[in-house]
Amino acid sequence: MVTLSRKFSTATSDSLTYISLKQFSQNPQKSTPFYQIQQQQLEHLKSQIVTTLDGCKNLTQIKQVHARILLSDLEQSCYVLAKLIRTLIKLNFPVDPYPRSIFNRVKYPNPFLYNALIRGYLIEERLNESIELYSLMRKEGAGPLSFTFAALFKACGAKMNMSLGRQIHGQTILVGGFDEDLHVGNSMIDMYIKCGFLEFGRKVFDEMPKRDVISWTELISAYAKTGNMESAGELFDGLPVKDMVAWTVMVSGFAQNAKPREAIMVFEKMQESGVETDEITLLGVISACAQLGAAKYADWIRDVAEKSEFGGKHSVVVGSALIDMYSKCGSVGDAYRVFQGMKERNVYSYSSMILGFAMHGRAHDAMKLFDEMVTTEIKPNRVTFIGVLTACSHAGMVEQGWQIFELMEKCYGIKPSADHYTCMVDLLGRAGRLQEAHELVKTMPIEPHGGMWGALLGACRIHKSPDIAAIAANHLFELEPYCIGNYVLLANVYASCGRWSDVSTVRKLMRARGLRKNPAFSWIESEKGMVHEFFSGDMTHPRSGEIKQALEDLLERLEAKGYQPHLSSVPYDVNDEDKRRILMTHSEKLALAFGLISTLPGSEIRIVKNVRICEDCHSVICGASQIMGREIVVRDIMRFHHFHDGICSCGNFW
DNA sequence: GTAGGGTTAG
């Protein structure tokens with residue numbers, strides 16, 4: 001059995017050659033010259049037919065070629081018939097009846113012919129027919145060729161048919177002749193990964209006699225997708241020759257697992273190693289920059305993109321990613337410049353730009369862009385509407401929001417999803433219409449998810465509404481019991497209303513569930529590009545003395561203009577003096593004071609904070625932008641705040 | 001015939 005398969009699997013001649021050779025062996029002397037001449041002519045005809053088939057665009061043309069084949073000595077040639085079948089399948093003709101009938105007429109189908117048909121069935125997802133043909137091929141002793149196996153594994157992976165995949169795995173071992181063929185092993189690894197059995201794939205990998213960069217990359221990518229960057233990194237370090245794809249998997253792996261610093265580091269190493277980058281590599285590192293929100297990296301990566309031969313400034317994919325990156329780095333102006341500079345735009349470009357405007361409180365610009373978009377060929381999708389609704393929400397445009405919400409299904413056939421309802425809850429909630437928001441959650445036709453209750457809870461924080469907050473929070477405690485943010489938010493709402501016993505109940509619940517508050521911190525880039533981090537109450541910075549002094553000076557000037565500390569922002573039951581002291585040490589204030597002393601007068605200050613900005617800090621920064629004449633941009637966990645001349649782009653809604 | 005990808009609201 002094994003010998004037979006091996007013999008046929010390596011055969012490249014087709015049936016015609018086989019028949020001619022048979023004639024030759026029966027009468028060598030007579031047939032030699034004839035055989036040689038005929039063989040030459042046939043080879044010529046074959047290549048002619050193959051070329052013609054490559055140019056075929058419709059059935060009539062193909063049938064003409066077929067007629068020509070049937071009239072020639074190539075009538076039984078598996079080589080040209082396989083090509084014929086492949087052409088039909090490429091042009092989306094179903095395997096039954098035409099290609100199948102071509103196959104059925106061949107007396108001695110070879111593995112190529114089987115393979116062409118099997119692949120056709122696989123494209124139609126007719127797994128059973130493929131397997132039947134495969135079994136027939138095995139029974140006839142023809143093949144199988146390694147790429148038939150590869151195609152079978154691919155189909156099993158796509159259908160997540162693990163048990164069939166294992167059976168075929170067994171077949172490859174039985175045949176035993178494929179140890180040398182990497183494609184079979186690689187497809188097998190891929191199949192196990194797609195079926196969700198990474199460890200089976202790893203086992204195949206470990207047992208393969210030979211591996212190539214694709215075998216490694218498949219596994220590295222699978223580890224990255226499951227969030228196991230440690231295993232991905234270990235494998236990657238062991239990979240002897242790293243190509244562009246392998247590097248890219250690491251870059252985007254880190255980016256997708258919220259490790260932007262690592263992603264950028266890997267990208268830098270990649271460049272050092274001299275490997276080229278393409279569009280896809282750029283996307284990974286652009287996404288990392290977006291997460292980091294650091295302006296320094298943003299300009300650097302734009303330069304890299306512009307210099308790269310693939311990711312030139314106007315590529316629609318890279319351009320859209322750059323728009324998102326600049327928006328998240330706080331430079332919505334740069335984002336718009338990229339948008340304007342793009343030769344081609346698609347739904348991603350528009351959606352990203354609309355979301356960018358929304359994020360920065362520029363609702364008017366977002367709406368204008370949406371209006372512009374609907375005059376183009378580009379159809380808005382569900383994400384576009386998230387952007388438009390978010391814009392309405394951050395600008396308090398309740399009526400317009402409702403209109404858009406209705407338009408979405410009526411004019412664009414997009415059924416509002418839970419996420420769209422969340423935007424509406426957010427819109428109503430921010431506008432202070434908490435009862436309506438709560439009603440909407442209760443009456444909408446979709447099961448509310450965490451995000452929706454979260455939006456409601458967030459609105460309760462703004463409007464200090466402890467009763468609805470408790471309802472929303474209780475749902476959240478069930479839906480996402482380990483998300484500390486919700487507990488903190490509820491405690492803050494209670495604290496702002498002075499309900500201290502409720503505050504302590506929430507704190508107890510947190511402790512009981514083993515949850516600890518994440519320390520809040522802020523960071524700021526100095527002019528030299530250094531990143532300075534501040535935790536609340538942090539006095540470890542070398543310039544702490546100056547920072548403290550600058551902050552005191554600032555507050556003094558603000559108080560002279562009527563600023564009063566927002567004592568209700570402190571969620572602890574302590575006296576007012578302590579509250580004042582605690583507010584003084586908030587991380588964003590330390591970052592602000594450092595920004596004031598470490599940057600040139602008149603220049604922009606950018607601060608990033610890992611949680612929501614508090615009300616007191618918000619009003620201090622508002623004031624600072626006015627009396628110090630500074631543009632101040634703060635990115636918190638939710639959005640951007642642009643402070644200019646005493647006013648914030650968020651309209652005091654966040 | 002095998003490996004890598006952009007926008008999502010609290």
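The analysis underlying the following values was restricted to heavy atoms, covering all of them including side chains, and did not include hydrogens, waters or symmetry mates. Within every chain, numbering begins at 1; the chains are lettered A, B, ... in the order of the sequence lines, protein sequences first and strands thereafter.
Atom CD1 of A/Ile220 is separated from atom P of B/dT2 by 19 Å (rounded to the nearest Å). Atom CG of A/Leu219 is separated from atom P of B/dA3 by 13 Å (rounded to the nearest Å). Residue A/Leu239 contributes atom CG, which lies 13 Å from atom C1' of B/dG4 at whole-angstrom precision. For the pair A/Ile404 CD1 and B/dT8 P, the computed distance is 19 Å after rounding to whole Å.
In the set B/dA3, B/dT8, B/dG6, the nucleotide with an atom closest to the side chain of A/Leu355 is B/dT8. Checking B/dG10, B/dT8, B/dG5 against every side-chain atom of A/Ile280, the shortest atom distance belongs to B/dG5. Of the candidate nucleotides B/dT7, B/dG10, B/dA3, B/dT7 has the atom lying nearest to any side-chain atom of A/Ser351. Picking from B/dG1, B/dG5, B/dG4 the nucleotide with the shortest atom distance to the side chain of A/Glu279 gives B/dG5. Here the side chain of A/Asn381 is nearest to one of B/dA3, B/dG6, B/dT7, namely B/dT7. For A/Asp324, the side-chain atoms get nearest to B/dT7 when compared with the rest of B/dG1, B/dA9, B/dT7. With B/dA9, B/dG4, B/dT7 as the candidates, the nucleotide lying closest to the side chain of A/Cys423 is B/dA9. When the nucleotides B/dT8, B/dG1, B/dA3 are ranked by their closest atom to the side chain of A/His183, B/dG1 comes out on top. Nearest nucleotide to the side chain of A/Val249, out of B/dG4, B/dG10, B/dG1: B/dG4. The side chain of A/Asp190 sits closest to B/dA3 out of B/dT7, B/dA3, B/dA9.
Contacts of A/Val383 with the nucleic acid, taken as non-hydrogen atoms under 4.0 Å apart, include base atoms. Using a 4.0 Å heavy-atom distance criterion, A/Gln256 is classed as a sugar-phosphate-only contact. Across all strands, A/Ile323 comes closer than 4.0 Å to no nucleic acid atom at all (heavy-atom distances). Here A/Gly450 lies in heavy-atom contact (under 4.0 Å) with a base. Within 4.0 Å (heavy atoms only), A/Asp426 reaches sugar-phosphate atoms of the nucleic acid but no base atom. Contact annotation for A/Ser221: backbone-only contact, meaning every heavy-atom pair under 4.0 Å involves sugar-phosphate atoms and none involves a base. Contacts of A/Thr281 with the nucleic acid, taken as non-hydrogen atoms under 4.0 Å apart, include base atoms. In this structure, A/Asp243 reaches the bases: a heavy-atom distance under 4.0 Å links it to at least one base atom across the strands shown. Backbone-only contact: A/Arg430 has heavy atoms under 4.0 Å from sugar-phosphate atoms and none from a base. Contacts of A/Leu283 with the nucleic acid, taken as non-hydrogen atoms under 4.0 Å apart, include base atoms.
A/Phe385 has its ring centre less than 6.0 Å from the ring centre of A/Phe370.
Checking A/Asn381 against A/Thr384 by side-chain atom types alone, a donor-acceptor pair falls below 3.5 Å. At a cut-off of 3.5 Å, with distance as the only test, a side-chain donor of A/Ser417 or A/Arg382 sits close to an acceptor on the other residue.
Cation-pi geometry between A/Lys242 and A/Phe236 is met: under 6.0 angstrom from the ring centre, within 45 degrees of the axis.
The side chain of A/Arg382 contributes no N or O atom lying less than 4.0 Å from OP1 or OP2 of B/dT8. Between A/Lys225 and B/dA3 there is no side-chain polar atom (N or O) within less than 4.0 angstrom of OP1 or OP2.
The aromatic rings of A/His475 and A/Trp453 sit parallel, their planes meeting at an angle under 30°, below the 60° perpendicular limit.
A salt bridge is absent between A/Lys203 and A/Asp206; no separation between the charged side-chain nitrogens and carboxylate oxygens falls under 4.0 Å.
For a distance-only test at 3.5 Å, the side chain of A/Asp278 qualifies as a donor-acceptor partner of the base of B/dG4.
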